[in-house]
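As C-alpha cells, the structure follows; a few thoughts come after it.
We name chains A, B, ... by the order of the sequence lines, and we start the count at 1 in each one.
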Protein chains: 2
Amino acid sequence: MKPADDVERIQREMTVFARRARAAAGRMHPELSLVSYTLLGHLEESGGCRATDLAAHYALDKSTVSRQVAALERAGLIERRPDAEDQRVLVLHLTEAGRRILAQVTESRRAAFRERLADWPAEDLARFADYLVRYNAGPAPGRHDQGPTARTPD
Amino acid sequence: MKPADDVERIQREMTVFARRARAAAGRMHPELSLVSYTLLGHLEESGGCRATDLAAHYALDKSTVSRQVAALERAGLIERRPDAEDQRVLVLHLTEAGRRILAQVTESRRAAFRERLADWPAEDLARFADYLVRYNAGPAPGRHDQGPTARTPD
DNA sequence: GGCGGGTGGTTGGGTTATGCAACCATAGAA
DNA sequence: TTCTATGGTTGCATAACCCAACCACCCGCC
C-alpha cells in the first residue's frame, strides 16, 4: 500500500476516533467535557502550566482556554496561582478535587478503552501510543503552535 | 511501560491530534469544515450511503448530519437520491463538484501530512494506519454505533 | 524615570456545531 | 388496518470557537 493511502487512512480514522471519543465523553461524564478532561490531564502531566501553554498545545484560541479555565476554577477543579517570576502569568494547578475527578474519569475511560483494547498485544499498544506521540510532536499542519518560542499566529 | 499507561497516552494524543486537525482544517479550507470533509470522504469511500449511516459511523446525532448534509447539498457537493427499495431513504452521492473539491482538499491535506510524516518509514506509517483502523473497528466506547445490526442507543 | 512594543489574560460579540425532543412519512408486522 | 420501528427534518437551547478590543505587566531603549 502506498504511503499516501496510509496518510489518508490515518486522517480518516483519527477523525472517526475523535468524533466518537467526544460523543462518548459527553455521554459518560456530563460533568467534564472532553476538552476539560484533556486540560486537566495536561495540567496533571505537566504539573502546572500557563493558559497560553494550553492554548498553544491544543491549537485553541486564548479566549477559549480562558473561559474553559474560568469554568474549571469555578468548579473548584483547578486554581490559578500568580507566578513569582512574572506578574502577568497565572500558573494553573490542579486542586485536590480536580485531581480526584480526573482520576475518576480517567479510570472510567480507561476501563472502556481497556475493554476494546483487551485483545491487543501490549507491544502493539505501546507502539500505537508511540506513533501518536511522535506524530503530535511534529509541527502542527498549517499552523504554528506550541514550542518554547511559539510565535503568535498572526 | 504498563498497557494502562499506553491507553492513556493514546487517549491524550488522539485528542491533541483532533484539536489540531480541526484548527488546521478550518484554517486551510474555510469552505469545507473538517466534518464536511470527512463526510464527503466517507461518501466517496462507501460509494453512497444514507444519512443514518453517517450518523452512526461518526457518533453524531441524526439532526446534525441532516443539517450538514443539507449544507453540502446546497453547496452542490452532494445529491440525495431516493432509494428504490425504501421510500424513506435518501441515498447520498457525491456530485462531480463534490468529488473535485474533495480531491482538492485531500491533496492539500495530504501534502501537509506528508511533510510531517516525511521521515516516517513506510512500514511505520502502514502500521500506524492499521492500528487506527483496528481500533475504530471495535465497538465504540460507551456507545453502540455502526455495524450491520446497530441497535438504537436509547 | 518614562516610552513603546510584545506577551499573558479577560471580556464582548457573533458564528457554528451539536444534542434533544417533537414531528412527518414510509416500512413492516400483527 | 393499526401499531410500532426507522429514516429524516425542524425548532430550540447550549456549548465551544474565533476574532477583536482591551487591560496589566515585562523589557529594552530613550
Side-chain angles (χ1 to χ4, degrees), chain A residues 15 18-39 49-56 58-74 78 80-92 143 145 148-154, chain B residues 15 18-27 30-39 49-56 58-74 78 80-92 143 145 148-154:
Chain A
T15 304
R19 295 240 55 81
R20 292 188 185 170
R22 180 196 178 95
R27 183 161 290 256
M28 293 197 306
H29 309 284
E31 304 297 315
L32 207 58
S33 78
L34 183 57
V35 188
S36 299
Y37 169 71
T38 307
L39 295 186
C49 70
R50 305 171 306 165
T52 295
D53 298 330
L54 294 177
Y58 294 104
L60 286 170
D61 191 77
K62 289 191 305 180
S63 60
T64 300
V65 173
S66 177
R67 287 181 230 276
Q68 294 281 347
V69 163
L72 289 175
E73 189 189 31
R74 272 197 301 280
I78 67 174
R80 302 188 278 188
R81 298 209 274 259
D83 184 294
E85 312 281 316
D86 189 333
Q87 288 302 92
R88 295 171 299 179
V89 173
L90 291 173
V91 184
L92 309 173
R143 173 155 192 170
D145 62 342
T149 54
R151 36 234 187 284
T152 58
D154 326 271
Chain B
T15 305
R19 295 241 55 81
R20 293 187 186 171
R22 179 196 179 95
R27 184 161 290 255
E31 303 298 316
L32 208 59
S33 79
L34 183 58
V35 188
S36 298
Y37 168 72
T38 307
L39 295 185
C49 70
R50 307 170 305 165
T52 295
D53 298 330
L54 294 177
Y58 294 103
L60 285 170
D61 192 79
K62 288 192 304 180
S63 61
T64 299
V65 173
S66 176
R67 288 180 230 278
Q68 295 280 348
V69 163
L72 288 175
E73 189 188 32
R74 272 197 302 279
I78 66 175
R80 301 187 280 188
R81 296 209 274 260
D83 183 296
E85 311 281 315
D86 188 334
Q87 288 302 92
R88 295 171 300 179
V89 172
L90 292 175
V91 183
L92 309 174
R143 173 156 193 169
D145 62 344
T149 55
R151 35 231 189 289
T152 59
D154 336 79

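- At whole-Å resolution of the value, CZ in B:Arg88 and C1' in D:dG8 are 10 Å apart.
- Comparing B:Thr64 and A:Val69 along DNA chain C, the residue whose closest nucleotide (by nearest heavy atom) sits nearer the 5' end is A:Val69.
- A:Leu90 has its CG atom 11 Å from the P atom of C:dT11, to the nearest Å.
- Look at NZ on A:Lys62: it is 13 Å from P on C:dT11, rounded to the nearest Å.
- The OH atom of B:Tyr37 sits 22 Å away from the P atom of C:dT16 (whole-angstrom rounding).
- Considering only side-chain N and O atoms, B:Thr52 lies under 4.0 angstrom from the phosphate OP1 or OP2 of D:dG8.
- If you measure from atom CD of B:Gln87 to atom P of D:dA5, you get 22 Å, rounded to the nearest angstrom.
- At a threshold of 4.5 Å between non-hydrogen side-chain atoms, the residues A:Leu39 and A:Ile78 do not count as touching.
- Between B:Arg22 atom CZ and D:dA15 atom P there is a gap of 16 Å when expressed in whole angstrom units.
- Remark: P of D:dG7 and CD of B:Glu85 are 14 Å apart, rounded to the nearest angstrom.
- No side-chain heavy atom of B:Tyr58 sits under 4.5 Å from any side-chain heavy atom of B:Val65.
- In this structure, CG of A:Leu54 is placed 16 Å from C1' of D:dA16, rounded to the nearest angstrom.
- Side-chain N/O atoms of B:Arg67 and base N/O atoms of D:dG11 include a donor-acceptor pair closer than 3.5 Å.
- Not a single donor-acceptor contact under 3.5 angstrom links the side-chain atoms of A:Ser63 to the base of D:dC17.
- Here the nucleotide nearest the side chain of A:Val89, chosen from D:dC18, C:dT18, C:dG8, is C:dG8.
- Remark on DNA chain D: of its neighbouring residues A:Ala84 and A:Val35, the 5'-side contact belongs to A:Val35, judged by nearest-heavy-atom nucleotide.
- Of the inter-residue distances, the one linking A:Arg20 atom CZ with B:Leu60 atom CG reads 10.5 Å to the nearest 0.5 angstrom.
- In this structure, B:Arg80 does not reach the D:dG7 phosphate: none of its side-chain N or O atoms is under 4.0 Å from OP1 or OP2.
- With contacts defined as side-chain heavy-atom distances shorter than 4.5 Å, the pair B:Leu90/B:Val69 does not qualify.
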Please evaluate residues B:Thr64 and B:Val35 with respect to the criterion side chain to side chain contact (heavy atoms under 4.5 Å, CB included), reporting the C-alpha separation (whole Å), side-chain torsions for both, the decisive distance (0.1 Å), and the verdict. CA-CA 10 Å; B:Thr64 299; B:Val35 188; 6.0 Å; no

